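Data first, discussion second: the structure below is written as structure tokens.
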Amino acid sequence: MRILKLFENAPFRLYLGLFLVALFVLVGAILPWFAPADPLVWYTTPRNQDPSWTYPLGTTSLGQDVFWLLTWALRNSLILGLLVAFFSTLIGVFLGLAAGYAGGWLDRVLSFLMDALLCIPSLPILILMAALFGGQLALPIVGVALVLFNWPYPARQVRAVALTMREREFVNVAWFSGESSVRILVRHIFPYIAGWSAANFINTVLVGISTESALAVIGLSSAQQATLGTMIYWAINYQALLAERYVWVGAPVLAIVLMFIGLFLVSSGLSMRSAARRMSV
Amino acid sequence: MRLLRYIAGRLVVYALVVVFGLTVLFFVPRLGPTDPIEAMLAKVASQGAYMDASQVDALRQSLADTFGLSGSLLEQYWAFIKRILLTGDFGPSLSMYPTPVMELIMNALPWTFGLLLTSTLIAWVLGNFVGLLSGWKPESSSSRVMEGVAICLYPIPYYILALVLSILFSYIWQIFPLTTTIRGAPWSWNLVTSILWNSFLPGASIVIVVFGWWVISVKAQTTALKEEEFVRYARLKGLGDGRILARYVLPNAILPQITFLALQIGLMFNGSLITEILFDYPGLGLLIYTAVLQGDFNLLMGTISLSVIAVATATMVIDLIYPLIDPRIRHR
Amino acid sequence: MTRDPRNDKRARGTLLALGMAAALGGTMLAGYAPAAFAQEMTDVGTPRAETLIVDMLNARVGNPTNMNMYQQGVTVNHGMHQLALSQLYDIDTAAGTQIPGLAAEMPEALNEDFTRFRVPLREGLTWSDGEPFTADDVVFTAEMIRDTPALAYSAAFIDAIASVTKVDDHTVEIETTRPTPRLSIVLGSVIYGNAFHVVPKHIWENEDPATFANFPPVTISAYKYMDHDPNGTWFLWEKREDWQNTEVGQMIGEPKPQYVLFRSYGTEERRVLAMASNDIDILTDISPESLDILRNQNDKVRGWFTDFPYANLDDPCERGIHFNTSIAPYDDPQTRWGLALAINAQRASIATFSGMMRASPLAIPPTSVLMDTYHQPMSQWLAEFTLEDGYKPFDPDYAIRLGEQLRSEGVEGIPEDPEALRELLGVGWWKHDPEQATKLLQDAGFTNDGGQWKKPDGTPFTITILAPADFEVQSQRLAFAVANEWTQFGIPTNVQQMQAGAFFTAENTGNYEVGSYWGSSCAITPDLFVRMEAWHKDYVRENGTPASHNQGRYVDEELSALIDELRAIPADDERIVPLGTDILKELVEGLPVIEMFGTSKFVPVNETYWTNYPSADNYYEGPWWWWSNFKFINAQLEPAAAD
Amino acid sequence: MIKVDNVTVGYGTTAFVKAVDRVNLTINDNEILGIAGESGSGKSTLMRAIYGDFSTGLRIASGTITGRFARNGTGAVTEAESHDFGQLWWDQISYIPQGSMSVLNPLMKVEKQVVDGLPKRERQGNRAELRRRIATFLEGFGLEESVLDAFPHQLSGGMRQRVLVAIAAFVNPRLILADEPTTALDVVVQKKILLMMVEIQRRQRNSLVLVSHDLGVHYQITDRLVVMYQGKIVEAGPTAGIFANPQHEYTQTLIASLPRIDGTRAEARR
Amino acid sequence: MSGAPILEVERIGRIYRRGGIFGGKPFYAVDDVSFTLPETPKVFSIVGESGSGKTTLARMVLRLVEPTDGTIRLMGRPLTGTSKERIDNLEFRRLVQPIFQNPFEAFSAYLPIGTYLIRTALNLKIARSEAEAVEAADAALRSVGLSYERIRGKYIRQFSGGELQRISVARALIPNPKLIVADEPVSMVDASLRMSIVNLFRQIVEEKGVSFIYITHDLSTAYYLSDHVAIMNAGRVVEQGAPGDILAYPSEAYTRELMAAIPTIGARWTELDEIDRHYAHERTRDGKSADKHHQEHS
């Protein structure tokens with residue numbers, strides 16, 4: 001209960017989340033460099049080992065070290081999630097600001113695009129693409145497709161904010177100070193949505209990782225790259241669940257869940273903190 | 001008159017969205033490397049029927065004719081759009097030729113619709129309820145526990161939950177069926193219970209995740225509402241907690257959730273697809289997956305077009321309903 | 001509650017599940033189990049003890065109320081094909097010979113050219129609605145196919161069959177368009193089945209066969225349609241009261257199962273769970289891991305062998321690595337041989353199916369029949385076979401070493417006797433000799449500086465193996481296993497998985513360089529004609545143009561000449577085996593395909609309710625539950641003795 | 001009626017922030033008391049403490065606020081500390097908030113919101129009869145019955161504020177506290193509302209405490225005035241007396257800084 | 001300097017559609033308003049209640065809202081429309097500057113306030129370098145009683161409302177504009193500081209030769225500050241003229257009503273006396289005998 005009580009406290013929530021995320025970034029970004037062998041290669045270890053000192057998380061039915069495989073999977077999933085989030089947030093924020101601030105036909109066209117893309121369920125189309133392009137659907141393409149479907153969320157929100165911002169007096173003051181439209185967007189309006197953008201960024205990381213792994217689990221992603229999804233895919237392919245090799249299938253699942261919780265705590269902690277700061281201003 | 005103009009405007013946008021979606025759908029597969037005829041031939045061949053080369057060539061020609069995949073891309077495009085929008089005809093399924101795609105979809109649609117509708121409603125009601133309470137009394141231990149649960153549940157991907165649920169409840173404790181078996185005369189009580197029984201786990205996996213989302217969002221909403229002046233005013237009028245919650249906080253917390261619902265429909269639909277595939281649940285998701293596996297062009301086009309249309313329609317309906325619910329917009 | 005051997009397993013699972021549930025913070029409420037799940041009745045309402053439950057080969061059927069097998073999109077794998085329809089000629093998979101089905105005898109050639117045949121039909125058969133089966137039905141079916149070009153099969157039929165005429169009520173005469181020494185192959189089942197299904201004239205003559213749904217179907221074999229799931233996940237068939245008037249009744253006797261339920265459980269986990277909980281009696285293909293799980297969970301479940309390798313190894317198609325031989329550098333046999341010697345088959349075997357496979361260096365599967373006819377007799381030749389530089393690539397001790405390794409890993413039931421091991425794991429395979437592989441590649445113009453292979457044209461040598469995504473597990477895993485081998489050898493190799501549609505498009509149009517396939521390496525009878533014919537150079541097409549045969553675009557004049565010879569002789573000609581041997585030698589030399597392993601079919605059965613399934617020690621049929629000959633297996637099953 | 005005895009009020013528990021510092025004040029029966037001061041003077045905090053609204057971390061650090069209410073009609077006397085005033089809300093004490101857009105529930109019709117605050121005894125019985133009573137009451141202040149069927153957003157700001165005044169007055173309380181009730185309203189509307197409040201006070205013969213930063217408003221309607229500055233009462237007494245002869249320097253500045261139409265014009269200083 | 005008036009507003013109007021979602025019926029926020037600001041610096045007050053259209057009018061002059069009818073001329077050149085003579089944005093901003101109602105809303109919370117002044121000087125080409133800009137800012141700040149040193153690196157939350165409004169004025173002064181449009185500039189400022197700002201405006205008019213359009217709802221400051229007053233109601237100017245004339249002898253009923261509603265000190269509303277008379281027989285106002293007479297005192 002004490003732990004739960006601390007959750008109400010934005011900083012603690014934030015720090016716990018940051019701790020989890022930092023842990024994953026550490027595992028995903030640094031540890032892969034220390035892998036004793038390419039964990040993707042089969043039969044570098046004995047098969048189906050239980051966790052031990054040599055193999056902290058055991059080995060797969062393919063003779064891969066689950067621990068090192070997990071570090072690689074985390075790295076790739078994180079990179080994918082971060083890139084998808086970065087580009088969708090960037091594009092979304094930029095287009096949303098442009099639409100909201102400029103108004104007129106640009107706003108109409110962009111708003112239509114946003115609404116249209118929001119209405120189109122992305123997964124069927126990704127499934128379609130994955131199926132049609134077969135194994136060619138490499139991670140970068142998955143990433144591009146995800147960006148395509150994810151920018152409208154921030155764009156729509158940012159547009160709404162920008163619309164209200166346009167009515168704020170300081171924007172007019174900025175204009176009378178001779179500031180250019182771009183500068184007004186970037187220097188004057190953007191700071192107000194920066195906190196929100198950060199939360200959105202984190203959510204999009206989640207969406208990116210989860211969508212890729214969903215595709216992977218039904219066998220439609222690039223099965224040869226180590227991602228959390230493909231790890232689950234291979235584990236299920238080799239019936240790890242029924243064979244009670246829970247560590248193999250459980251490690252990526254737990255990693256996803258914990259990473260999600262971590263990222264979620266960060267994003268909600270951030271928004272709580274920015275709400276608190278707004279109140280104190 | 002004004003109402004009509006608003007509806008007309010919304011309908012125009014809706015129509016544009018649908019056409020836009022269909023256009024994307026038409027071109028994506030045609031850029032892909034799969035030739036449906038070859039896929040079909042290979043399927044015939046892999047079933048082991050012996051045919052010599054000239055027989056295969058003859059079959060190839062006859063398939064091209066029946067599937068109507070000839071003509072320039074633009075011609076095919078116009079035919080496609082016209083056919084779908086004017087006649088609602090997606091042609092015959094290629095892998096289950098000559099069953100019309102529409103027939104297959106109509107068989108699957110009630111399943112997806114029912115699954116999504118009920119699980120969304122349940123999650124919505126439960127999530128709003130729990131979110132409201134935990135937002136209202138954030139310091140109580142039960143609301144902390146509920147929020148903790150929601151935070152832990154919300155990020156879990158559907159497919160993980162689906163897997164875990166079916167292992168737990170279909171195998172280790174054999175409470176729910178492993179596969180969908182619907183029995184009972186049409187419109188009988190048996191049929192209903194049978195459907196509920198079979199839909200329970202897929203539904204639960206959606207409910208649990210969506211529930212978490214609602215709890216979090218409603219809680220935030222409620223926390224904000226608590227600071228609202230009219231809530232404060234109601235409290236200063238000496239109203240009891242229950243009354244304030246029920247008549248001041250609840251309606252105001254729920255109303256914005258309706259717009260969120262519109263935004264979430266696409267995402268929830270995505271979730272239901274994965275769930276259906278993993279539970280072998282006979283809805284649209286499984287049909288899409290089958291179509292993918294079989295390289296069934298017409299079926300793919302049909303199912304995905306319909307998904308787009310369905311989601312766009314649902315979003316539009318919510319958009320149209322919203323002003324009728326919110327008095328601030330209704331009475332001007 | 002009866003004592004269940006799975007209980008302690010379950011208990012462990014329960015603990016784990018509780019842990020998982022707790023970890024998820026779940027607050028799931030346990031429901032109650034409804035009465036429908038009691039074991040006396042199946043959930044479709046038939047007595048469990050009288051019902052045989054069979055795994056449906058394909059996923060659920062999208063159009064369950066269409067059973068017109070002549071429409072190309074209609075799947076009849078829901079029991080229709082396996083139990084209710086019958087072919088003119090069927091296959092005895094144990095003996096590897098065709099047998100008469102609806103026909104009374106094998107066709108009798110009436111002329112030297114093999115263009116006219118007399119086909120006697122079985123007497124005393126009736127359709128499930130009581131109407132007699134006669135020559136009129138056969139003639140009607142032939143004419144219907146001929147007159148309905150909308151049926152996909154029509155063109156193929158017209159191309160092969162000139163006419164079918166009635167001689168008397170139980171005899172027809174068939175004329176072919178060209179010499180056809182193997183008419184029973186054209187009109188009867190060899191592998192899986194055949195498109196030619198005789199239809200009841202009295203039903204079909206009033207319908208348009210192009211649109212007729214044929215539902216509920218009037219059937220000819222011992223079972224008739226009873227019920228189905230509107231979503232196509234299950235189909236229930238009931239034994240005909242007049243089962244005596246069917247070919248099964250005449251040939252074998254009364255089938256014991258009163259009901260046969262074909263059902264689809266979806267993903268492999270579900271199928272496995274279903275069999276583990278006795279909800280299904282016969283499973284089609286699963287992975288070895290799944291079989292392992294099943295055997296651990298339920299001691300009533302058995303594979304083809306009771307011990308290692310559990311799987312049936314007699315599948316009529318083998319798996320290997322195929323090349324598009326029209327694309328450099330794979331157009332050079334040196335390259336292909338180099339790549340073959342870079343593979344450690346032992347590791348690949350374990351990676352793919354834990355070693356439960358029989359290796360085959362020849363272009364035909366190492367089934368019991370073909371091992372006796374070709375592999376064993378040819379092992380001497382193989383051992384002496386040399387490459388151009390005099391290197392002897394064959395390793396006859398492959399099986400012995402693999403056996404040792406498996407024993408060392410704790411696998412039980414590995415024979416000690418070298419001959420028994422060779423019989424089990426294969427006569428041998430190519431050596432794993434990276435040095436020789438390097439030499440061959442360098443001879444072919446490849447260079448290797450600092451561990452980086454370069455093609456003769458100077459570009460880096462990397463390989464992409466096209467592989468089936470999930471729909472053919474063995475080829476898929478083999479692709480990954482070989483990719484792993486080549487990568488370790490120094491050539492970066494990746495696997496490109498494709499769904500069926502994209503996969504076959506790529507294969508047919510030659511839009512690939514290296515692929516993990518099975519299509520052209522099939523045979524079941526010593527007569528290799530059916531698939532070997534596909535290697536004829538006549539079938540080579542430009543890349544980009546779909547090829548119906550010879551997707552590897554392999555041109556070998558000598559091979560084509562041998563195939564021409566084979567075309568001209570009937571299946572029972574004495575030159576069949578020598579010619580076949582020559583063809584196989586030719587294919588070894590040119591190596592258009594690195595043939596690797598026979599297909600292992602992990603086809604478990606559950607003996608809780610039924611026994612006398614075919615198995616390695618009760619080999620009256622192969623375990624091809626989804627073939628047309630399933631009806632004969634079904635008729636020989638026995639109910640398990642009640643406890 | 002209310003006695004504020006050497007009270008210090010502030011926010012927070014660990015780090016106590018003083019907002020009202022050792023204030024003494026009496027609210028008499030049947031009077032209009034004004035509390036004047038600029039932003040941050042502590043006037044709103046003092047008013048909340050008097051009302052007994054301790055919901056958002058407000059705390060009386062020292063001193064007491066006690067009340068003594070004689071029920072109208074029966075004459076039954078209730079005595080309580082401000083911590084227990086909650087039971088008297090909308091019975092003996094009611095409150096008029098600053099009439100911003102969001103002070104009424106946007107999803108509820110006005111009638112319900114009037115009824116909602118009434119004590120049980122009022123809410124029981126015939127709804128139609130109650131509505132008629134409310135309507136009559138409103139009509140007494142020039143509000144039409146149709147207002148009851150409106151949603152808050154359909155009313156103008158002035159109308160909403162009059163509804164709030166009416167809601168507070170309908171229960172016939174002994175004490176009404178009004179927190180900046182006319183800020184952000186136009187002068188014409190403001191005047192109407194102030195007059196309405198005065199009329200209510202005269203009719204019900206209860207006490208009205210008016211918190212406002214606008215000295216003009218205090219001049220017009222209050223009987224007694226308290227001027228607050230930085231948490232302290234710097235001046236208190238009859239309104240007329242203060243305006244005629246302000247004692248404290250701050251009060252003098254405030255009064256002096258008000259421009260008057262009949263006064264000097266800046267232009268004239270040219 | 002040309003002899004053209006600084007600002008000529010000619011029959012301008014602005015139509016809005018009320019009610020967003022169901023379309024809406026048009027209404028005139030500003031309807032057929034004309035006035036002229038002569039070349040000599042003056043304070044022109046526009047007085048009206050909320051909804052009278054005064055803010056819309058100000059925003060049209062500020063080019064923030066496009067008029068639907070009529071023309072506005074600045075120094076004899078059109079402010080609106082598409083003609084070649086139309087004043088471009090840079091020139092416009094050098095000629096006209098705004099001061100807005102809420103000083104806490106006038107600057108971004110995320111930028112140091114000095115930035116606004118520096119950027120104004122640089123963007124409007126008042127200064128060619130950072131140093132010159134600081135100089136210009138400092139000069140402007142000194143004219144409102146502050147200095148650049150005092151605001152350097154500080155953010156909005158570190159200032160009081162009065163200070164912020166002075167900084168707003170300083171910023172507006174940087175390009176040495178001809179016209180400053182001040183929209184309710186003192187309504188959010190504490191009463192004790194209000195007069196100092198109003199006096200500051202007057203001082204700027206005198207010393208810098210800047211004209212003011214002063215938008216307010218407060219008749220008393222308008223009277224105090226301006227040279228010319230226009231009373232607006234429902235989108236129209238109902239009365240305009242010199243403050244002394246209008247406020248001493250209002251000819252329109254609306255103006256009179258407005259004036260009567262101001263809670264001025266020294267003149268108690270007569271309605272209050274009526275109420276008291278009505279309830280007099282029920283009540284005696286203890287200790288209040290004096291207040292009945294205090295209007296005579298002041």
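Throughout, a chain's letter reflects where its sequence line sits, starting with A, and its residues are numbered from 1. From a predicted model like this one, the values you see are computed outputs, not experimental measurements.
D:Gln87 does not touch chain B: none of its heavy atoms, backbone or side chain, sits under 4.5 Å away. With a 4.5 Å cut-off on non-hydrogen atoms, B:Leu236 touches chain D through its backbone and its side chain both. Within the 4.5 angstrom heavy-atom criterion, atoms from both the backbone and the side chain of B:Tyr248 approach chain D. At a 4.5 Å heavy-atom cutoff, the contact between B:Arg243 and chain D is made by side-chain atoms alone. Contact annotation for B:Arg232: only side-chain heavy atoms (C-beta onward) come within less than 4.5 Å of a heavy atom of chain D. Heavy atoms of D:Ile93 lying under 4.5 Å from chain B are absent altogether.
Ring centroids of D:Phe69 and D:Phe85 are separated by less than 6.0 Å, placing the two rings close together. Ring to ring, D:Tyr51 and D:Trp89 are close: their centroids are under 6.0 angstrom apart.
Checked by atom type, the side-chain pair B:Glu276/B:Thr112 shows a donor-acceptor distance below 3.5 Å.
Using a 4.0 Å cut-off between charged side-chain N and carboxylate O, D:Asp149 and D:Lys112 make no salt bridge. Using a 4.0 Å cut-off between a side-chain N of Lys or Arg and a carboxylate O of Asp or Glu, D:Asp179 and D:Arg48 do not qualify as a salt bridge.
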